[in-house]
Chemist: 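Sharing a structure below in structure tokens format, with a few things to ask.
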Protein chains: 2
Amino acid sequence: MALDDVERCDEVHVHSGVVLKIHKEMPDDDKLYDLAELFKVFGDSTRIRILFALFEEEMCVCDIADSLNMTQSAISHQLRILKQSRLVGNRREGKQVIYYLADDHVRTIIDQGISHIEE
Amino acid sequence: MALDDVERCDEVHVHSGVVLKIHKEMPDDDKLYDLAELFKVFGDSTRIRILFALFEEEMCVCDIADSLNMTQSAISHQLRILKQSRLVGNRREGKQVIYYLADDHVRTIIDQGISHIEE
DNA sequence: CAAACATATGAATGTTTGTTCATATGTTCA
DNA sequence: TGAACATATGAACAAACATTCATATGTTTG
């Protein structure tokens, strides 16, 4: 589909200078996709609860499932998603796998979210 | 379902002190739900693109649709979601409705997201 | 090596969600 | 007031998703 296949409002209302600037500042599709994917990960309360749990300290899967009162399987599936987006890391310790927060962005993003909803 | 209906790992692995602390620090369900709902809003590339457009300047619905090369209806549906979560505001100016960013959290959250994916 | 434990994963299922299409609401202007 | 324009919205549909269940993989220990 070409760029101009879609309806337009009157020329009066479209300021082509701005439209150009928007195109210029807009990240490319890959980056927009990655960004949306990242925020999607925060968009589930189970995953947010996992992150809050890991704010306290690193933990094995079973401890997380226990703290959140959910099944091991459900938690494991969600940890996979959190790990794919590099929000958490893990390491094996014997039979267990220990998960931990990957970096500080997690906390900053969640804190900003909280201050938004608390306004 | 009671709190202890779910499987547990060996007592050795559950540090009840930590579990208690997690329960203490964990926001209540309403807040977790609201937080997840908020991030869900960021979890769609169309909505992110709308926010990027509004970073440049406030705009009417038609200009946004135009800049993003999408239908008025699709944009309008998404603006409704953005407005519900108070990320954007709007005002009517004659036939048009002008949308604008509600506050700075939007920018901070997106910037943190970008720095995470760029790491 | 076998049993027990901890975690991961594939398939199935019900739910949520983004877009489209048709149409309704609201505003201006002739 | 009626036609034209701008926006909003409900219904429908396909795609994405979270949990469950069954089972596989990996690790320790007797």
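Letters A, B, ... mirror the listed sequences (proteins, then strands); counts begin at 1. Side chains included, hydrogens not; waters and symmetry mates left out as well; all remaining heavy atoms used. In this text, all values refer to a predicted model and were calculated from it rather than measured experimentally.
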Chemist: Under 4.0 Å between a side-chain N/O of R80(B) and OP1 or OP2 of dT7(D), yes or no?
Modeler: no
Chemist: Scan V106(B), L51(B), L87(B) and name whichever one has a side chain to side chain contact (heavy atoms under 4.5 Å, CB included) with V41(B).
Modeler: L87(B)
Chemist: Can you say whether a donor on the side chain of S76(B) sits under 3.5 Å from an acceptor on the base of dT9(D), or the other way round?
Modeler: no
Chemist: So which nucleotide from dT27(D), dC5(D), dA8(C) ends up closest to the side chain of K95(B)?
Modeler: dC5(D)
Chemist: Where the side chain of S73(B) is defined as all heavy atoms beyond and including C-beta, which of dG18(C), dT7(D), dA22(C) is the nearest nucleotide?
Modeler: dA22(C)
Chemist: Give a yes or no on whether a salt bridge exists between R91(B) and E58(B), defined as a side-chain N under 4.0 angstrom from a carboxylate O.
Modeler: yes
Chemist: Please tell me which of the listed nucleotides, dT7(D), dG18(C), dT7(C), lies nearest to the side chain of T46(B)?
Modeler: dG18(C)
Chemist: Between K40(A) and E93(A), which has a closest nucleotide on DNA chain D that is more 5'?
Modeler: K40(A)
Chemist: What's the verdict on side-chain contact (heavy atoms from CB on, under 4.5 Å) for L54(A) and I64(A), showing C-alpha distance, side-chain angles and the deciding distance?
Modeler: CA-CA 8 Å; L54(A) 297 181; I64(A) 300 173; 4.1 Å; yes
Chemist: Does Y99(A) make a side-chain N or O approach to OP1 or OP2 of dA6(C) shorter than 4.0 Å?
Modeler: no
Chemist: Using side-chain contact (heavy atoms from CB on, under 4.5 Å), reason through L82(B) and Y99(B) one step at a time and then give a plain yes or no.
Modeler: CA-CA 10 Å; L82(B) 288 166; Y99(B) 281 81; over 6 Å; no
Chemist: For the base of dT9(D) and the side-chain ring of H77(B), does the geometry meet a stacking cutoff of under 5.5 Å between centres and under 30° between planes?
Modeler: yes
Chemist: For dC5(D), take OP1 and OP2 only and decide whether either is under 4.0 Å from a side-chain N or O of Q96(B).
Modeler: no
Chemist: What's the closest nucleotide to the side chain of I81(A) if the choices are dA18(D), dT7(C), dG18(C)?
Modeler: dA18(D)
Chemist: Name the residue closer to the 5' end of DNA chain D, choosing between A74(B) and R92(A) according to the nucleotide with the nearest heavy atom.
Modeler: A74(B)
Chemist: Whether the side chain of Q78(A) and the base of dA18(D) hold a donor-acceptor pair under 3.5 Å is what I'd like checked.
Modeler: no
Chemist: May I ask which nucleotide in the shown strands pairs with dC21(D), Watson-Crick or G-U wobble, both distances under 3.5 Å?
Modeler: dG10(C)
